[in-house]
Amino acid sequence: MKRILVSSLNEALAKAAQKNLPVMVDVYSKSCGACKRLSRDVFTDPEAAALFNKRFVNVKLNGKEGEGIEFNKTFNVTGYPTVIVLNPNGEERDRLCGYPGKEQFVKTLIDCADNKNTLPAILAELEKAPESAAITMKLAKRYSDRWESEDAIHYFNKVLQLDPADEKGFNSECKYMIAALHYWTKKNT
């Protein structure tokens, strides 16, 4: 079984509205090695394809051609692969940047389908428990996974403020991620 793709974003949104399903937008580049691995390892896997066909309306956009260029501008896509999950109304539910491996990729996308562990869901958790170092850490990692360095650094620093005695054991990882994000941001400028 292969992943069933629709031909355009508008068609995907119309189908999503009919079926009340989220839209999975796979934004790729022809020269992207990780994009090719994602297609080979995940999207052609019969089990994953069946799961994605059941849980999403799927569309694939070349980020450097046609409809993909405008999509990149609208959703601020900065690298490939980027998979953005949209609600049927076209609003972003969450995104996954890069290819973290098949198991993590599938788990993250199923969480998106269930609206679980998405950026909005984590923000809602933090609103209920603003002093939670664990939830703040989860949010920092989510922003880092989305290549949103400024927000990730802000929340990693907040974890350090919330848990200065390192009772949760996050401090070393936070300090490493802050340094790494500063480095990557300067190298990518």
D26 side, atom CG; N58 side, atom CG - distance, nearest 0.5 Å = 9.0 Å
task = Determine whether L96 and F56 fall in the same hydrophobic cluster, where Ile, Leu, Val, Met, Phe, Trp and Tyr are linked whenever their side-chain heavy atoms lie under 4.5 Å apart.
result = yes
message = If the condition is side chain to side chain contact (heavy atoms under 4.5 Å, CB included), which residues does K54 pass it with, not counting sequence neighbours?
response = none
key: Beyond-backbone contact of L86 with I84, side-chain heavy atoms, under 4.5 angstrom   = yes
message = Do V6 and V57 have side chains that approach each other closer than 4.5 Å (heavy atoms only, starting at C-beta)?
response = yes
query = Given T82 and Y28, is the side chain to side chain contact (heavy atoms under 4.5 Å, CB included) satisfied, shown in steps?
reply = CA-CA 7 Å; T82 296; Y28 73 99; over 6 Å; no
ask   = Ignoring hydrogens and geometry, is there a side-chain-to-backbone donor-acceptor pair from T74 to E70 under 3.5 Å?
value = yes
note = What one should report as the nearest heavy-atom pair of A152 and L181 is CB-CD1, 3.6 Å
key: All side chain to side chain donor-acceptor pair (under 3.5 Å) counterparts of D114, not counting sequence neighbours   = R55
remark   = Here the pair of heavy atoms bringing A16 nearest to V23 is CB-CG2, 3.4 Å
inquiry  = Taking the side chain as everything from C-beta on, heavy atoms only, tell me whether K175 gets closer than 4.5 Å to L160.
reply    = yes
note = For I135 and A129, the nearest pair of non-hydrogen atoms, with its separation, is CD1-CB, 4.0 Å
Joint hydrophobic cluster, L5 plus V59, side-chain heavy atoms closer than 4.5 Å = no
task = Name all residues meeting the side chain to side chain contact (heavy atoms under 4.5 Å, CB included) criterion together with A134; count only those two or more places apart in sequence or in a different chain, and write none if there are none.
result = S132, F170
task = Return the set of residues passing salt bridge (Lys or Arg N to Asp or Glu O under 4.0 Å) with E47 (not counting sequence neighbours), or none when no residue passes.
result = none
query = Any side-chain heavy-atom pair from F52 and V106 closer than 4.5 angstrom?
reply = yes
inquiry  = According to side chain to side chain donor-acceptor pair (under 3.5 Å), does anything in residues 101-111 pair up with another residue at least two apart or in another chain? List the pairs.
reply    = D45-K102, Q104-T108, K107-D111, D111-N117
inquiry  = Between V83 and L38, is the side chain to side chain contact (heavy atoms under 4.5 Å, CB included) condition met? List the steps.
reply    = CA-CA 11 Å; V83 175; L38 176 61; 4.3 Å; yes
request  = Just do the side chain to side chain contact (heavy atoms under 4.5 Å, CB included) check on R3 and N53 with the steps written out, would you?
outcome  = CA-CA 6 Å; R3 189 169 62 126; N53 289 339; 3.8 Å; yes
inquiry  = Holding to side chain to side chain contact (heavy atoms under 4.5 Å, CB included), I want the full list of residues that pass it with N89, two or more places apart in sequence or in another chain.
reply    = N87, E91
Results of side chain to side chain contact (heavy atoms under 4.5 Å, CB included) for E67 - residues two or more places apart only = S8, L9, L61
ask   = Within a strict 4.5 Å, meaning less than it, do heavy atoms of the L109 and V42 side chains meet?
value = no
task = Test R142 against D94 for side chain to side chain contact (heavy atoms under 4.5 Å, CB included), laying out the working first.
result = CA-CA 10 Å; R142 196 76 191 102; D94 209 348; 2.7 Å; yes
inquiry  = Is any side-chain heavy atom of K116 closer than 4.5 Å to one of I110?
reply    = no
ask   = Is there a path from M137 to L126 through hydrophobic residues (I, L, V, M, F, W, Y) whose side chains come within less than 4.5 Å of each other?
value = no
task = Considering only Ile, Leu, Val, Met, Phe, Trp and Tyr, and joining two whenever side-chain heavy atoms are under 4.5 Å apart, list the other residues clustered with I4.
result = none
task = Examine L21 and M24 and state if one hydrophobic cluster contains both, with Ile, Leu, Val, Met, Phe, Trp and Tyr joined whenever side-chain heavy atoms are less than 4.5 Å apart.
result = no
key: Side chain proximity check, F43 to F105, heavy atoms < 4.5 angstrom   = yes
message = Please find the pair of heavy atoms, one from D145 and one from C97, that lie closest to each other, and give the distance.
response = O-CB, 3.4 Å
ask   = Is W184 reachable from F156 through a run of hydrophobic residues whose side-chain heavy atoms are each under 4.5 Å from the next?
value = yes
Residue pairs involving residues 121-135 (criterion salt bridge (charged side-chain N to carboxylate O under 4.0 Å, His left out); sequence neighbours excluded) = E125-K138
Residue pairs fulfilling ring-ring contact (aromatic ring centres under 6.0 Å, His included) with at least one residue in residues 73-103, sequence neighbours excluded = F71-F75
inquiry  = To the nearest 0.5 Å, what is the distance between NZ on K15 and CG on N20?
reply    = 15.5 Å
message = Test: side chain to side chain donor-acceptor pair (under 3.5 Å). Region: residues 148-166. Which pairs qualify, not counting sequence neighbours?
response = R146-E148, S149-T185
ask   = Is a side-chain N or O of R93 found less than 3.5 angstrom from the main chain of A113, in a donor-acceptor match?
value = yes
inquiry  = Filter on side chain to side chain donor-acceptor pair (under 3.5 Å), then keep only pairs touching residues 30-40, sequence neighbours left out; what's left?
reply    = S29-S31, K30-E65, S39-K60
